[in-house]
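A short worksheet on the structure shown next.
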Protein chains: 2
Amino acid sequence: MDTKTLCLGVISLGAASGYEIKKAFEEDGLNHIYHTSYGSIYPALTALTEEGLVICSEMAQAKRPDKKVYSITEAGRGALLEALSAPPAEDKFRSDFLFIMFFAHLLPPSSVAKLIDQRIAWYEQNLAKMGAGGDCICSKGDAFVHGMGVAVYSSALEYLKSHRQAFLDQLSGASRLVAE
Amino acid sequence: MDTKTLCLGVISLGAASGYEIKKAFEEDGLNHIYHTSYGSIYPALTALTEEGLVICSEMAQAKRPDKKVYSITEAGRGALLEALSAPPAEDKFRSDFLFIMFFAHLLPPSSVAKLIDQRIAWYEQNLAKMGAGGDCICSKGDAFVHGMGVAVYSSALEYLKSHRQAFLDQLSGASRLVAE
DNA sequence: TTTCGCATGTAAACAGTTACATGATTAC
DNA sequence: GTAATCATGTAACTGTTTACATGCGAAA
């Protein structure tokens, strides 16, 4: 998915500015499926406007910088539908954490323990946020995707918690007592 | 992690050619944590050689193209350790599938069903491969990372299986006009 | 006989992130 | 007074993918 389609999708749920689109990929339901930066969003919005897929209404705000709010056009809805109908590309995943774990035998066990603990804390924080934080963007897929995210993060967290000690023991080499 | 570090890591487990490194990121234990292409691997190997982090021994092969086998140097091990010791960057995940599901209300439910079924099949195939196929690269982290991959994929698969029908019902319930 | 696997490499095209540039308001 | 939030945008840099270029051997 290119940034243009990502923006088009968000705008299809309601008029939004570049700034708000970025937030949707940081805070709202989209944060664990894609991410973008201003450097790609703003040029994408310009291109979408030129192609007639969105229209921009400038909004002067008192006590705030001007805001450019983009709304989707009929042509835009068509383009979005077309993009969503294409066979999806494979998921792209890259994890420094997992790569480091793969080579954990090269690091001092204390460092490995610290990394795992940080990761456990990260999952706990994220799950808390996902559970509590309102599913604000309103699309039916939102809950489905959100639920899948929670399921996956939970199992990752469980795995780390339950395998942490055994892994660390194994790395320390010696056959100390293994908790059963 | 840049491609140089990825290559260095693989080579640290045993001498390898560019071709073999690529395979490690496709088939072996690394396939679900990072990926690379020849276009980034070969230049990285050249750079690593110039920096003295690996050494290259050319191997003429009968009935096969020549092979360049790279081995890690002491300096290379140092550089790898340093790279692994840096605080890991956040995981980068991007999923066309999840993005499309987020906007599932725009598509005919039959298309959504097909996508979910394909995804279920994909997880099943991958899990079968991961369960059966030997974890051939031998590092202690291998089993740990592999196990986490299996846990996460399994929960994703379970989620899709158990929520598929309810999601589809929900979609066709409210958007009958879209579905012909 | 066509495709697949082995095997290396380059160049151009494309995409994405980071840093820069600007600046007001509000909350601590 | 300092940081955070709001708000837009460009340019340089970095990194990745794709296509190209080459070519043999083995299996289907």
Side-chain angles (χ1 to χ4, degrees), chain A residues 1-8 10-11 15-28 30-31 33-50 54 56-70 83 88-96 99, chain B residues 1-8 10-11 15-28 30 33-50 54 56-70 83 89-96 99:
Chain A
M1 291 288 171
D2 56 7
T3 308
K4 271 160 51 179
T5 306
L6 300 180
C7 291
L8 210 48
V10 175
I11 295 168
S17 65
Y19 189 81
E20 288 162 347
I21 291 170
K22 174 105 191 293
K23 274 208 307 182
F25 285 101
E26 272 169 357
E27 295 163 20
D28 297 330
L30 289 162
N31 66 350
I33 43 179
Y34 255 106
H35 25 93
T36 40
S37 54
Y38 292 132
S40 47
I41 290 171
Y42 286 119
L45 289 172
T46 305
L48 287 170
T49 305
E50 276 163 14
V54 298
C56 171
S57 52
E58 214 123 352
M59 284 193 176
Q61 293 185 121
K63 310 191 176 182
R64 280 262 164 263
D66 284 5
K67 204 174 174 177
K68 286 187 174 181
V69 176
Y70 296 86
E90 282 227 333
D91 288 0
K92 272 160 207 159
F93 180 64
R94 27 185 67 193
S95 173
D96 274 20
F99 186 77
Chain B
M1 292 286 171
D2 56 8
T3 307
K4 272 160 50 178
T5 306
L6 300 179
C7 291
L8 209 48
V10 174
I11 295 168
S17 65
Y19 190 81
E20 288 162 347
I21 291 170
K22 173 104 192 291
K23 274 208 306 181
F25 285 101
E26 272 168 0
E27 296 163 18
D28 297 330
L30 289 162
I33 41 180
Y34 255 104
H35 25 94
T36 40
S37 54
Y38 291 131
S40 45
I41 291 171
Y42 286 120
L45 289 172
T46 305
L48 286 170
T49 305
E50 277 164 13
V54 298
C56 170
S57 52
E58 214 124 350
M59 284 195 176
Q61 292 184 121
K63 311 192 175 181
R64 281 261 163 263
D66 284 5
K67 203 175 173 176
K68 286 186 173 181
V69 177
Y70 296 85
E90 282 229 332
D91 288 0
K92 272 159 207 159
F93 179 63
R94 26 184 70 191
S95 172
D96 274 21
F99 185 77

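Since the structure is predicted, the reported quantities are computational estimates derived from the model, not experimental observations. Heavy-atom basis, side chains included; hydrogens, waters and symmetry copies ignored. A note on names: the letters A, B, ... follow the listed sequences, proteins ahead of strands, and every chain is numbered from 1.
- The separation between I21(B) atom CD1 and dC6(C) atom C1' is 15 Å, rounded to whole Å.
- Note on Y70(B): only backbone sugar-phosphate atoms sit closer than 4.0 angstrom, heavy atoms only; bases stay farther off.
- The shortest non-hydrogen separation linking A24(B) to L30(B) is O-CB, 3.5 Å.
- In this structure, NZ of K67(A) is placed 17 Å from C1' of dG23(C), rounded to the nearest angstrom.
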Mind listing the N/O atom pairs, protein and nucleotides 16-19 of chain D, below 3.5 Å?
| residue | atom | partner | partner atom | Å |
| --- | --- | --- | --- | --- |
| dT16(D) | OP1 | R94(A) | NH1 | 3.4 |
| dT16(D) | OP2 | T3(B) | OG1 | 3.1 |

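- Between the CG atom of L48(A) and the C1' atom of dG9(D) there is a distance of 16 Å, rounded to whole Å.
- In this structure, Y34(B) and F99(A) have perpendicular ring planes: the angle between them is above 60°, well past the 30° mark.
- Residues E27(A) and N31(A) come closest through the heavy atom pair O-ND2, 3.8 Å.
- In this structure, K22(A) atom NZ and dA4(D) atom C1' are separated by 14 Å, rounded to whole Å.
- Residue-level contact check: T46(A) touches neither bases nor backbone, having no heavy atom under 4.0 Å from any strand.
- Close to dC6(D), at under 4.0 Å from its OP1 or OP2, lies a side-chain N or O of Y19(A).
- Between I41(A) atom CD1 and dA11(D) atom P there is a gap of 19 Å when expressed in whole angstrom units.
- dT8(D) atom C1' lies 15 Å from atom NZ of K23(A), rounded to whole Å.
- Annotation for Y70(B) and I11(B): closest pair O-CG2, 3.4 Å, computed over non-hydrogen atoms.
- Taking atom CG of residue L45(A) and atom P of nucleotide dT8(D), one finds them 9 Å apart after rounding to whole Å.
- For K22(A), the salt bridge (Lys or Arg N to Asp or Glu O under 4.0 Å) partners two or more places apart in sequence, or in a different chain, are E26(A).
- Judged as a salt bridge (Lys or Arg N to Asp or Glu O under 4.0 Å), and not counting sequence neighbours, the contacts of K4(A) are E51(A).
- Between S40(A) and T3(A), the closest heavy-atom pair is O-CG2, 3.5 Å.
- Rotation axes derived from the C1' atoms of the five outermost pairs at either end of the helix from dT1(C)-dA28(D) to dC28(C)-dG1(D) lie 50° apart, to the nearest 10°.
- To the nearest angstrom, P of dT8(C) lies 7 Å from CD of E20(B).
- Residues passing the side chain to side chain donor-acceptor pair (under 3.5 Å) test with Y42(B): none are found, sequence neighbours excluded.
- Between Y42(A) and the phosphate of dT8(D), there is a side-chain N or O to OP1/OP2 separation shorter than 4.0 Å.
- Residues satisfying the salt bridge (Lys or Arg N to Asp or Glu O under 4.0 Å) criterion with D2(A), sequence neighbours excluded, are absent altogether.
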